[in-house]
Every structure is written in structure tokens, then in C-alpha cells.
J.: 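Handing you a structure now.
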Amino acid sequence: MTFRKDTNSGDDPKLDTSCPVPDDSKRPDGQHVDHWVLPDEERAKGFVRPVRRSYAHLTCGTVTNMPLKIAETYAREPSYYGSTFCCGCRDYFPVGENGEFIWVGTTEKVGT
Ligand SMILES: [Zn+2]
């Protein structure tokens, strides 16, 4: 998949892979220190879904909140990410039609 990439932090990416930073630089909670987002000008073109900041992991029920740029990236291009972080499980799991997450207050799968 080719997608336009920028980083949530605004820093230059360290890697050009599924994550812009090396795996060994994860935070103590298991989350990558940075994430890809669509560039500002791409997100400014308009959203095809509401901008939502919180999702629940169906497996454990934990609600995780995300930074605005990532929420806007989902709203602009719902299939942008293949997985997302659960702060309860401290790991990444699949999103999409067969994924493990729903937007809080809905039955809508994250990434659809
Ligand atoms: Zn979980």
C-alpha cells in the first residue's frame, strides 16, 4: 500500500517502514514513540468519517485515546492504519472489518 506519510510528532522519520521509529525505542507502556499520519494538507481536504478520539478494544474492553492528527487521519482515510494500540494490553492489534476495535459509543469498527 502506498500512502502519504508524515509523523505525528512532526519529527523526521527514522525509518520508512510500518512505523517511523525503531522498535527498540518504544515507550515503557509498549507504544511506539511516534506514528505515521497523513500530511496536514491531505487531512485539510476533508473527512469522510467523524473525527473520533477514543476507541475500545473488544477483547479486553479498555478504552484508548489517540492524538488529534491520528484521529484526523482515520477520519480522512479510514483504511490508513492496519493496527492500533491498546493501552490495556500494551500492544498493537488489527483494525478494519475483522479488527478488534470499535469507536466508543458506536458499533462501528475502527478502520472501516
Ligand atoms: Zn486490550
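Everything numeric in this text was worked out from a predicted model, so none of it was measured. Hydrogens, waters and symmetry mates are skipped; everything else that's a heavy atom, side chains included, is used. Start at 1 and go down the list; that is how both ligands and their atoms are numbered.
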J.: Nearest 0.5 Å, please: how far is CG in Asp34 from SG in Cys19?
T.: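 CG of Asp34 is found 7.0 Å from SG of Cys19.
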J.: State whether the side chain of Thr73 and the backbone N or O of Lys69 hold a donor-acceptor pair below 3.5 Å, judged by distance alone.
T.: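 Such a contact is found between Thr73 side chain and Lys69 backbone.
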J.: How open is the angle at the Zn ion (ligand 1) from atom SG of Cys86 over to atom SG of Cys60, rounded to 10 degrees?
T.: 110°
J.: Please name the atom of His57, restricted to N, O or S, that is closest to the Zn ion (ligand 1).
T.: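 Distance check against the Zn ion (ligand 1) picks out ND1 in His57.
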J.: Verify whether one side chain among Tyr55 and Thr64 offers a donor that lies under 3.5 Å from an acceptor in the other.
T.: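 The answer is no; no qualifying pair exists.
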J.: Check whether any N, O or S atom of Cys89 sits under 2.8 Å from the Zn ion (ligand 1).
T.: yes
J.: So if you build clusters from Ile, Leu, Val, Met, Phe, Trp, Tyr with side-chain heavy-atom gaps below 4.5 Å, do Phe47 and Tyr81 land together?
T.: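 Hydrophobic grouping puts Phe47 apart from Tyr81.
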